[in-house]
Amino acid sequence: MPILQVDNLSKQFDGLVAVNDLSFSIESGEIRGLIGPNGCGKTTTMNMLAGLYRPTHGDVRYHGKSILKLPTHTRTAQGIMRTFQIPKLFSEMTVGENMMVPALATSTVKTPEFIEKLEHKSSEKLTFCKLDHVSHLLAKQLSGGQRMLLQIARGLMVEGLELFLMDEPFAGINQVTKETIMDAILEMNKDHGITFLIVSHEMPSVRRLCQTVSVMHEGSMISEGSIEEIANNPLVIEAYLGGQNAAS
Amino acid sequence: MTLLWGLGMNKSRRQFFMTIGVLAVIAALLPLELGEFYVHVVAIGFFYVMLAVSWNLLAGYAGQLSLAHHAFAAVGGYGSALLLQYGSEALKIDIPLWICIPFGAFVAGLVGYGLGSVCLNMRRIYLAVTTWAFAESFRLWVISEYEITRGDLGLSTELIFDTSDPTPFYYVFLAGTIFCLWVVFEIIRSPAGFYLRALRDDEEAAQAMGVDTVRWKRFAFTVSSAMAGFAGTLQAHYIGLLTPTPIKFNEMAIILIMVIAGGLRSFWGPALGAMFIQVVSEALRDYSEYRMVLFAVMVIIIMRVYREGLFGMLRDGMAKLPSLSASGST
Ligand SMILES: Nc1ncnc2c1ncn2[C@@H]1O[C@H](COP(=O)(O)OP(=O)(O)OP(=O)(O)O)[C@@H](O)[C@H]1O
Ligand SMILES: [Mg+2]
């Protein structure tokens with residue numbers, strides 16, 4: 001059974017059809033890429049998966065069960081985490097405190113011993129994401145790249161994380177940080193079996209991370225396959241303005 | 001790590017109890033030095049400390065800029081006084097104040113829960129306008145239902161102590177204030193404190209991180225309203241008369257000024273600001289309306305020059321004194 005199954009999902013914003021009859025599914029343990037031209041509905045899809053938007057039509061199933069009626073926080077408690085295209089942090093809280101929010105919110109135990117364990121886990125993840133030296137800073141004091149890193153590190157604090165949705169984790173990020181993020185994704189995938197859905201315009205990163213890539217255009221899925229397969233699909237070439245090679 | 005649980009929690013709790021202990025001893029000795037008038041002034045100061053600290057929980061920590069806090073004090077006061085009067089009549093017994101006072105706080109908490117639920121999806125200005133409208137409606141209700149509330153004539157009610165000496169009341173207000181400070185402290189230092197600050201900074205992100213923002217917003221409204229209601233009941237059974245006047249916006253403006261002057265979001269700031277403004281305000285009583293102008297100017301200066309308010313100034317000033325900072329930097 002796929003971990004995530006999207007059936008005929010649509011989202012309409014007064015007249016504008018942002019997502020149109022979208023269907024796809026992701027197997028547990030996959031790192032799936034989701035690409036498509038600007039405005040094709042990738043973020044809208046993410047928002048529906050995470051529970052921020054209510055779809056106009058269709059269904060989203062997680063481990064075979066519909067999660068459409070579940071509010072965002074319940075989806076998170078069930079192991080679905082996301083990052084935002086424009087990082088959304090708790091700006092007046094320190095980096096360390098940012099890390100503790102999902103950890104506390106999704107753990108049922110809250111004894112001092114357990115919380116100490118969470119704090120330990122937090123410093124581990126911060127080191128893993130190269131943020132340990134800024135853990136005492138307020139989130140608003142971070143650079144753009146650090147913000148993205150913190151979104152990812154924070155997501156890893158969710159108890160029982162299974163599916164990590166990432167919206168443009170590489171946008172505006174320098175090469176070194178990009179490597180850090182990619183290493184983190186690969187390691188979390190290999191060692192903890194976490195499934196990823198990654199929206200990105202960065203073809204080299206997508207090529208390195210994802211075995212399968214889904215391509216959206218004007219709200220619909222137009223192609224799915226390995227990066228070579230989709231790069232040779234005329235529909236995809238057509239979608240990316242005047243036949244520019246999508247994989248270049 | 002900068003967090004306050006585990007060993008850190010115990011340390012910060014110890015610090016809190018030490019600070020509050022020292023302040024309580026000083027406050028307990030104060031009536032020996034002050035004349036009756038200033039005992040009264042400081043007792044009312046404690047009333048405002050309770051309002052400021054509880055409003056700071058809602059507005060400063062949870063980011064819900066409610067303008068109905070003064071009305072909740074009145075809801076508590078009227079709740080308690082009306083139960084005392086009509087409940088006692090109906091049941092043909094004298095309902096004791098130790099039931100009426102928690103009842104007033106409970107009613108305020110309940111109404112706070114209701115108002116919080118109405119305002120769940122409102123942000124900033126919408127929330128401010130709605131809560132202000134609620135406060136105004138409550139004031140008009142008190143005026144128009146004069147057969148129940150006595151309207152502008154005022155509803156007289158029983159005193160906690162049968163005396164005109166403010167000193168015993170002073171100690172009740174002091175105890176109430178310590179209780180409120182302790183409750184807010186425990187909330188802020190618990191996971192709930194993290195959730196409230198998270199939803200203040202970014203509600204959508206808080207939801208995505210697993211925080212049930214609906215529940216915690218309601219929690220903030222309920223607890224802070226109950227606390228305001230509690231302060232209001234003490235005030236009612238100290239003054240002995242309830243009128244709709246304190247439900248005017250002026251009163252909310254004073255709470256706002258106190259919190260901002262002391263330092264929004266800091267734990268001790270609003271308490272300090274409330275006592276400071278109350279005492280200065282009484283000392284400048286002869287200047288009546290000009291006091292508000294003075295305070296408004298003060299708020300503008302603080303917002304421009306020093307956002308962290310009086311408490312921040314005090315703390316940073318202390319840090320500059322080497323001897324003090326050496327002993328205080330544990
Ligand atoms: N909240 C909203 N209200 C109205 N329209 C919206 C909203 N969110 C998105 N849209 C519209 O839906 C369409 C798809 O937007 P979306 O953000 O999903 O695109 P995207 O694929 O993520 O693009 P990008 O690559 O630029 O991030 C756009 O036309 C956008 O204007
Ligand atoms: Mg997008």
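So you know, we letter chains A, B, ... as the sequences are listed, proteins then strands, and number each from 1. Reckoned from all heavy atoms, side chains included, excluding hydrogens, waters and symmetry mates.
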(message) Can you confirm whether more than 12 heavy atoms, excluding those of B:Ile125, are under 6.0 Å from its CD1 atom?
(response) no
(request) Give, for atom CG of A:Asn47 and atom CD of B:Glu204, the distance between the pair rounded to the nearest 0.5 Å. (result) 7.5 Å
(request) Work out which heavy atom in B:Ala198 is nearest to a heavy atom in A:Met93; give both atom names and the distance. (result) N-SD, 3.7 Å
(message) Would you say CG of A:Asp191 has more than 12 non-hydrogen atoms from neighbouring residues, nucleotides or ligands within 6.0 angstrom?
(response) yes
(message) For the NZ atom on A:Lys130, are there more than 12 heavy atoms of other groups (residues, nucleotides or ligands in this structure) within a distance under 6.0 Å?
(response) no
(request) Give a yes or no answer on whether the side chain of A:Thr72 reaches the backbone of B:Ala208 with a donor-acceptor pair at less than 3.5 Å. (result) no
(request) Inspect the surroundings of NZ in A:Lys121 and state if more than 12 heavy atoms from other residues, nucleotides or ligands are less than 6.0 Å away. (result) yes
(message) Are there over 12 heavy-atom neighbours, none belonging to B:Tyr126, within less than 6.0 Å of that residue's OH?
(response) no
(message) What's the separation between atom NE2 in A:His73 and atom OH in B:Tyr195, rounded to the nearest 0.5 Å?
(response) 12.0 Å
(request) Step by step, work out the side-chain contact (heavy atoms from CB on, under 4.5 Å) result for A:Phe90 and B:Arg200. (result) CA-CA 8 Å; A:Phe90 307 121; B:Arg200 167 197 71 198; over 6 Å; no
(message) As a test of understanding, state which of B:Leu199, B:Asp201, B:Val211 forms a side chain to side chain contact (heavy atoms under 4.5 Å, CB included) with A:Val101.
(response) B:Val211
(message) For the interface with chain B, which of A:Asn98, A:Ile80, A:Thr83, A:Leu52 has the highest count of heavy-atom pairs at distances below 4.5 Å?
(response) A:Leu52
(request) Indicate yes or no: does B:Arg197 engage A:Glu92 in a salt bridge with an N to O separation below 4.0 Å. (result) no
(request) Might you confirm whether atom NZ of A:Lys110 has over 12 heavy atoms from other residues, nucleotides or ligands at distances under 6.0 Å? (result) yes
(message) Would you say CG of A:Leu186 has more than 12 non-hydrogen atoms from neighbouring residues, nucleotides or ligands within 6.0 angstrom?
(response) yes
(message) I need the residue from A:Met81, A:Gln78, A:Gln151 with the largest number of non-hydrogen atom pairs under 4.5 Å to chain B.
(response) A:Met81
